[in-house]
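No experiment lies behind these values; they were computed from the predicted model shown.
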Amino acid sequence: MQLPAPLQHHAQQSIERIKERYTDISHWTPVRYEQLQRVLSVSEFVEEALLKDETLFQQLPEMLEHGERAESYRDHLHAYLSECSIETDGHRVLRRFRNREMTYIAWRDMVGDWSLEESLHHLSMLAEAMIFETYNWQYQACCQEWGTPCNAEGEAQPMLIIGMGKLGGGELNFSSDIDLIFTYPENGETQGARRSIANAQFFTRLGQRIIKALDQQTFDGFCYRVDMRLRPFGESGPLVMSYAALEDYYQEQGRDWERYAMIKARVMGREMYPEYQELRQMLRPFVFRRYIDFSAIQSLRRMKSMISSEVRRRGLANNIKLGPGGIREVEFIAQVFQLIRGGREPSLRGRGLLETLDAIETLKLLEQREVTHLREAYCFLRRQENLLQAMGDKQTQTLPEKEDDQIKLAFVMGFDSWELMLEATSQHMLNVHCVFGDLIGEDDEEEPNPIQKHFHELWDMAHDAEVVEHILEHDLNLAEAEQKRTIICQFKKDLAKKTLGPRGREVLNRLMPKVFNAIYAHKDAEFGLSRVLYVLHRIVTRTTYLELLDEHPAALVQLVRLCTASPMISEQLGRYPILLDELLDPSHLYNPVPLESYKTELRDYLARIPEEDMEQQMEALRQFKQTCILRIAAADIAGVLPVMKVSDHLTYLAEAIVEAGVNQAWQQMAEKFGEPTHIKDRGSKGFAVIGYGKVGGWELGYNSDLDIVFMHDCPVNVYTDGKKELDGRQFYLRLAQRIIHIFSTRTASGILYEVDTRLRPSGVSGLLVSPTDAFDEYQHNDAWTWEHQALVRTRLIYGDADLQQAFNNTRVDVLTKAREESELKPKVVEMREKMRTHLGGKKAGRFMLKQDPGGITDIEFLAQYLVLRFSHDKPKLTRWSDNVRIFETMLKQGVMEEEQAMTLIRAYTTLRDEIHHRNLLNLDADVAEDKLLAEREAVIKAWKQWMIS
């Protein structure tokens with residue numbers, strides 16, 4: 001076929017560049033030289049490859065004499081990589097090998113001297129060879145570095161690389177991504193190195209190296225864009241999972257789209273096939289149901305609706321993959337029959353599309369004419385796709401708009417003009433779309449009402465600020481349209497910087513109209529919009545969570561409700577998306593764990609994780625805390641819990657976590673050193689945690705630190721009974737350090753609590769863990785008055801009965817000491833003034849709820865003073881450590897009149913309630929100066945009566 005005039009000009013320019021680079025082209029026969037002109041006239045990729053690689057230019061004519069190269073890919077690549085001693089050499093070998101073979105494939109496609117099947121086969125086998133030989137090369141390197149991964153029987157463990165999508169089906173296109181999943185048979189540890197590591201860690205490092213070798217852009221280019229998002233849990237999941245973990249995931253959490261994807265799954269490397277059979281048998285029930293699975297029809301209809309919506313929204317009529325009647329619709333038709341009937345018909349379990357169409361024809365599931373149309377359209381469009389991509393090695397399926405490119409594509413497709421090729425393309429796509437529409441049928445969903453339609457348009461047009469503002473103001477009649485428009489448009493603009501992938505975008509496009517609908521159905525939508533979009537922005541690359549909200553309308557409603565009420569909650573949900581699962585069941589969400597059940601619930605939660613896996617144990621503690629706080633805050637917002645109960649829940653939760661933290665630290669210490677011998681027959685640890693301040697007074701807030709002091713009753717000259725002996729008191733010191741580490745280490749889920757131990761005897765210069773007798777002596781002989789004040793708000797939050805008794809004896813003895821009012825009062829007042837000076841931070845026109853006169857701290861100091869002043873005669877005042885019950889006891893003991901006691905309790909709970917709710921709103925603990933006047937005046941009056949007079 002004669003080169004069109006514009007292409008002759010392209011060819012001439014390219015040939016001149018080739019001749020300028022290579023003076024000798026005598027090894028190119030006339031036939032090959034004519035083909036060279038043809039190929040260079042349409043493919044910038046081939047020209048660039050030949051100009052960059054002299055070896056390729058010299059060898060290509062010889063390469064073209066051999067029609068079948070796929071079977072030798074692995075042998076050649078293995079030989080090249082075996083000579084690479086450093087990683088950069090291997091990366092260079094991979095890229096040059098890829099470019100040479102892709103040039104060969106592009107050439108054969110463009111001169112049209114082989115079939116589509118041969119082209120797809122070579123592309124797929126090349127990718128498989130590069131993936132698997134990279135694995136072999138890096139596996140050996142990793143084994144030398146970290147040892148060989150083995151199971152419990154000492155058998156070496158491989159890593160299986162599962163190719164998904166077109167790679168799995170052996171139908172890879174020219175510039176395709178490669179979708180992979182990494183897995184391995186069994187857990188265990190490496191052997192043969194100085195220090196062994198877990199198999200999971202070994203395979204994760206191996207997987208990272210493989211991805212880097214294939215995906216990283218270097219001077220020589222890259223091999224393939226590697227997409228790992230089809231793995232369980234997507235981007236948020238581990239890079240590599242064992243067979244057992246993979247099976248658990250697909251049985252318990254596998255979604256419909258993962259069934260579609262798994263149809264084409266194929267393990268890379270023929271020698272891995274026997275190993276893969278076990279895993280394939282595990283996964284088969286997930287992919288192929290044993291019965292004729294008509295339950296898939298509804299989800300398939302949803303998918304069809306999604307495709308149609310995407311086509312309309314993005315104007316994809318000229319996209320030969322996604323447009324109506326495109327490649328995707330052919331694939332979808334084949335998958336319909338595979339999902340519905342594959343469990344009963346083995347012939348429908350093939351990975352390749354053409355073999356599936358053959359099975360559909362044999363089983364007479366479609367008319368022969370329809371199968372013929374699908375087969376012809378698929379081959380035509382796939383060849384067109386490959387040629388389109390081979391022109392510039394670019395991942396595109398959109399027919400070109402530039403006239404030059406249109407001429408090039410029409411020419412290599414064998415058409416005399418662009419119009420003729422376009423007509424043939426349109427006819428093939430029309431044939432496919434007719435079958436597609438007949439097979440799936442129309443959506444049962446009714447047309448959306450006008451408001452819902454506007455929400456769809458709002459998202460579709462979120463790139464156009466003017467249109468968005470018009471929809472908000474005129475169609476939806478919303479106030480402050482300009483501000484809302486800015487938030488929505490900025491959100492969509494920010495998404496452009498995210499790597500969402502097609503699946504994520506599809507779900508997001510379904511979800512966002514529902515999000516807008518839910519936000520504007522809420523009376524406080526002005527607060528909800530930015531907060532809900534903040535959460536979505538944080539989770540948008542995790543398709544699983546978007547699907548959760550898309551598929552569960554109730555969860556979306558709860559998300560909007562909670563975020564609208566509290567930016568603190570929206571921040572938590574954005575930071576730790578695993579909490580979104582809690583939104584699925586509102587009856588569960590708004591009912592916190594019963595107070596008495598926190599410890600048992602946490603024990604059960606941790607029991608699912610191996611005790612020796614400290615990293616996961618620490619992570620689980622944090623996730624449990626976040627889940628519980630979300631439920632407490634939800635109940636708080638809903639008005640189910642009054643402020644006192646909120647603090648009770650937060651305090652009991654903290655106590656449960658302290659107990660678990662102590663147990664985890666103890667287990668680690670005991671494994672290493674054994675246990676101190678003085679507790680051998682006691683059945684306890686001889687260790688206690690004393691809570692001060694808010695945790696001591698059952699008054700924790702959402703953002704409270706833990707003020708704690710550690711105590712033990714270990715005598716001197718006691719040692720541990722382990723192989724590695726340790727002084728008993730040193731053991732308890734290290735135990736406390738380990739507990740602080742467990743609480744303070746920042747993991748993926750943050751820290752547990754900020755821990756403050758400065759209230760221990762002698763402060764930061766004192767022992768981190770106090771012996772009971774030393775604690776008692778210090779409190780009696782050396783403690784300052786402010787330390788006795790602090791002792792009022794203390795209690796043992798972890799420890800056995802002996803330490804409980806010892807601590808209580810010390811506390812009561814110290815608090816009931818006779819004190820002279822003339823000495824006590826000035827010291828308390830002086831300390832209060834110091835605190836006000838250092839912590840007041842006065843804001844103009846604002847009342848600081850804690851430190852300003854009439855605030856919380858005045859009430860706390862008043863309670864502490866009265867306990868220290870009157871407990872000598874009225875020891876019952878020492879019973880409680882929380883302010884409310886202290887004032888109630890003052891009333892019962894006749895220290896305070898009923899009116900004053902109840903007024904102070906009301907003022908205290910009102911101020912605390914205000915702080916709680918300002919915490920939920922992420923606001924500072926201050927209010928306008930004209931607020932809470934009655935409460936402040938009552939506190940100031942009591943302060944003057946007791947502390948000034």
Side-chain angles (χ1 to χ4, degrees), residues 598-599 602 618 621-622 624-625 629 647-666 668-669 684-714 729 731-745 750-772 774-776 778-779 783-784 786-800 802-808 810-811 814-815 860 864 880-883:
Y598 277 104
K599 290 183 179 179
L602 179 51
M618 288 168 65
L621 280 177
R622 286 151 177 77
F624 181 81
K625 179 195 172 188
I629 285 184
S647 286
D648 284 348
H649 277 276
L650 292 170
T651 304
Y652 277 76
L653 169 62
E655 286 184 33
I657 290 172
V658 165
E659 179 185 272
V662 172
N663 288 337
Q664 286 184 11
W666 185 273
Q668 292 177 57
M669 291 293 296
S684 66
K685 294 182 174 68
F687 180 77
V689 182
I690 312 302
Y692 276 70
K694 287 187 173 63
V695 69
W698 287 283
E699 294 164 359
L700 278 181
Y702 290 109
N703 302 319
S704 296
D705 301 346
L706 290 188
D707 292 301
I708 54 178
V709 168
F710 300 116
M711 187 183 289
H712 69 75
D713 61 4
C714 183
R729 294 194 169 192
F731 175 92
Y732 285 109
L733 170 61
R734 293 196 190 180
L735 175 67
Q737 291 168 336
R738 173 53 55 178
I739 293 167
I740 293 171
H741 170 78
I742 288 171
F743 273 67
S744 305
T745 297
I751 64 168
L752 262 182
Y753 290 97
E754 294 284 356
V755 174
D756 192 338
T757 61
R758 290 174 295 179
L759 288 173
R760 65 185 186 267
S762 302
V764 291
S765 61
L767 293 170
L768 184 59
V769 192
S770 298
T772 50
F775 182 84
D776 182 78
Y778 178 85
Q779 291 291 345
W784 298 75
W786 68 264
E787 290 179 286
H788 288 168
Q789 285 180 245
L791 203 60
V792 172
R793 280 161 57 81
T794 59
R795 61 191 179 88
L796 186 135
I797 60 173
Y798 173 85
D800 56 39
D802 292 343
L803 281 123
Q804 171 97 47
Q805 189 62 51
F807 168 72
N808 285 345
T810 298
R811 180 176 179 272
V814 170
L815 295 183
E860 292 174 342
Q864 292 161 15
W880 299 110
S881 58
D882 63 289
N883 291 305

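Judged by distance alone, the side chain of E787 and the main-chain N or O of W784 form a donor-acceptor pair under 3.5 Å. The backbone N or O of A665 lies less than 3.5 Å from no partner atom in the side chain of H741, so there is not a single donor-acceptor pair. T810 places a side-chain N or O within 3.5 Å of a backbone atom of A806 that can act as its donor or acceptor partner. Between the D800 side chain and the L803 main chain, a donor and an acceptor come within less than 3.5 Å of each other. Looking at R793, its side chain never comes within 3.5 Å of a backbone N or O of G691 through a donor-acceptor pair. Panel note: side chain R734, backbone M669; no donor-acceptor pair is recorded below 3.5 Å.
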- request: Any chance you could lay out the side-chain contact (heavy atoms from CB on, under 4.5 Å) test for R622 and T745, step after step, and finish with the verdict?
  value: CA-CA 11 Å; R622 286 151 177 77; T745 297; 4.3 Å; yes
field: Stepwise side-chain contact (heavy atoms from CB on, under 4.5 Å) test for R738 and Q664
entry: CA-CA 9 Å; R738 173 53 55 178; Q664 286 184 11; over 6 Å; no
task: Could you go through the side-chain contact (heavy atoms from CB on, under 4.5 Å) check for Q864 and E860 one step at a time?
output: CA-CA 6 Å; Q864 292 161 15; E860 292 174 342; 4.1 Å; yes
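For the residue pair A736 and L768, the shortest heavy atom distance occurs at CB-CD2, 3.8 Å. Between D707 and L759, the shortest heavy-atom distance links the atoms CB-CD1, 4.2 Å. Closest heavy-atom contact between P771 and M711: C-CG, 4.5 Å. Nearest heavy atom pair, residue V769 against residue L733, reads CG2-CA, 3.9 Å. For the pair R811 and L791, the tightest heavy-atom approach, listed with the atom from each and the gap, is NE-O, 3.0 Å. For the pair A660 and L602, the tightest heavy-atom approach, listed with the atom from each and the gap, is CB-CD2, 3.7 Å.
Side chains of L650 and I629 form a contact here, defined as non-hydrogen atoms less than 4.5 Å apart. The shortest side-chain heavy-atom distance between Q779 and H788 falls under the 4.5 Å cut-off.
We find the CZ-CH2 distance between F687 and W666 to be 8.5 Å, quoted to the nearest 0.5 Å. For the atom pair CZ (F743) and CD1 (I657), the distance works out to 7.0 Å, reported to the nearest 0.5 Å. One distance of note links CG of D648 with CD of E699; it measures 9.5 Å at 0.5 Å rounding. Here the CG atom belonging to N663 is positioned 9.5 Å from the CD1 atom belonging to I739, to the nearest 0.5 angstrom. Here the CG atom belonging to L796 is positioned 7.5 Å from the CG atom belonging to N808, to the nearest 0.5 angstrom. Rounded to the nearest 0.5 Å, atoms CD1 (I708) and OH (Y753) are 11.0 Å apart.
Residue pairs meeting the side chain to side chain donor-acceptor pair (under 3.5 Å) criterion with at least one partner in residues 688-698, sequence neighbours excluded, are absent. Evaluation of the side chain to side chain donor-acceptor pair (under 3.5 Å) test over residues 759-772, restricted to residues two or more places apart or in two chains, returns T757-R760.
Taking the centre of each ring, Y732 and F710 stay at or above the 6.0 Å mark. Annotation: H649 is in aromatic contact with Y598 [ring centroid separation under 6.0 Å].
Cation-pi contact between K599 and Y652: absent, since separation from the ring centre below 6.0 Å together with deviation from the ring axis within 45° is not met.
I797 pairs in a side chain to side chain contact (heavy atoms under 4.5 Å, CB included) with only one of the listed residues (L706, T651, I690, V689), which is V689.
No more than 12 heavy atoms of other residues, nucleotides or ligands sit less than 6.0 Å from atom CD of E754.
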